[in-house]
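Scroll down for the structure; my scribbles are underneath it.
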Amino acid sequence: MTLQLYLAFVAATALLIITPGPVVALVTATSIRWGAKNAFWIIAGTATSCVIHMLLVCFGLSALLAQIGEALFWIKWLGAAYLLYLGIRTLRENSALAADDLNAPPAKSPRRLYGEGFLVAFFNPKPLIFYAAFFPLFVSAGAPALPQLMILAATFFVVSILIDSGWALAADRARPVFMRLGRWGNRITGGVLVMAAAGLALSRK
């Protein structure tokens, strides 16, 4: 793999990851509600799911999964349903963000936040098939594919964590604005999660 090809992959990866989706919606909603430190547990969960997806791609199992369209269809709907559940719960919360909430402990444990991040990322099969089509574009035909795929997967993993962390920190900085909005803050973050669920559900098979 040439340096130019690798740098092109890094640039393309950054552009793809920075686009808002279900993971970004969950990370930002969590960071607004409980701060970036707790959103990092969400990112840890999504990162674990990312590792599983990358291993499937590197070892060629994604090609097999791509043939099981019906299974991926139901996995997608499970992910959309879970995001919808999280969004509705946020919309129904009676408590509004207040100044005292800046340092208040979250209503969810780190384990639960980690689990939410993992489930939302894992039940979104779209990236898995996308990685399988995207990675080979940057693999040099004159060298063994597996080492190159492992390098690309590790790079994608690092870039995704950095960008998701950036979303978490940016949302954390916006917390005072949402506190001034009162209950509308909950409605906005809940609405973002509901829209993310709709986007996942309506994505083409």
Exercise. With a 4.5 Å limit on heavy-atom distance, are the side chains of I43 and W167 in contact?
Worked result: no
For this session: Could you tell me which non-hydrogen atom of C50 sits nearest to which non-hydrogen atom of S160, and how far apart they are?
Result: SG-OG, 4.4 Å
For this session: Nearest 0.5 Å please: distance from the CZ atom of R112 over to the CD1 atom of I42.
Result: 10.0 Å
Problem set entry | OG1 on T30 to CH2 on W41, rounded to 0.5 Å | 13.5 Å
Exercise. Rounded to the nearest 0.5 Å, how far apart are CZ of F40 and NZ of K37?
Worked result: 9.5 Å
Problem set entry | Exercise: identify the closest heavy-atom pair between S31 and A168 | OG-O, 2.6 Å
For this session: Please report the closest heavy-atom contact between V23 and A121, naming both atoms and the distance.
Result: CG2-CB, 4.2 Å
Problem set entry | Geometric class of the F138/F9 ring pair [parallel <30°, tilted 30-60°, perpendicular >60°] | perpendicular
Problem set entry | Heavy-atom donor-acceptor pair, S49 side chain to G45 backbone, under 3.5 Å | no
Exercise. When rounded to the nearest 0.5 angstrom, what distance separates CH2 in W34 from CG in L113?
Worked result: 6.5 Å
Problem set entry | Taking every non-hydrogen atom, the tightest pair across G117 and T46 | O-CG2, 3.2 Å
Exercise. If you take all heavy atoms of I161 and A47, which pair is closest and at what distance?
Worked result: CD1-CB, 4.1 Å
Problem set entry | Interatomic distance, F156 atom CZ to M54 atom CE [nearest 0.5 angstrom] | 4.5 Å
For this session: Measure the CG-CD1 distance between L146 and I151 for me, rounded to the nearest 0.5 Å.
Result: 10.0 Å
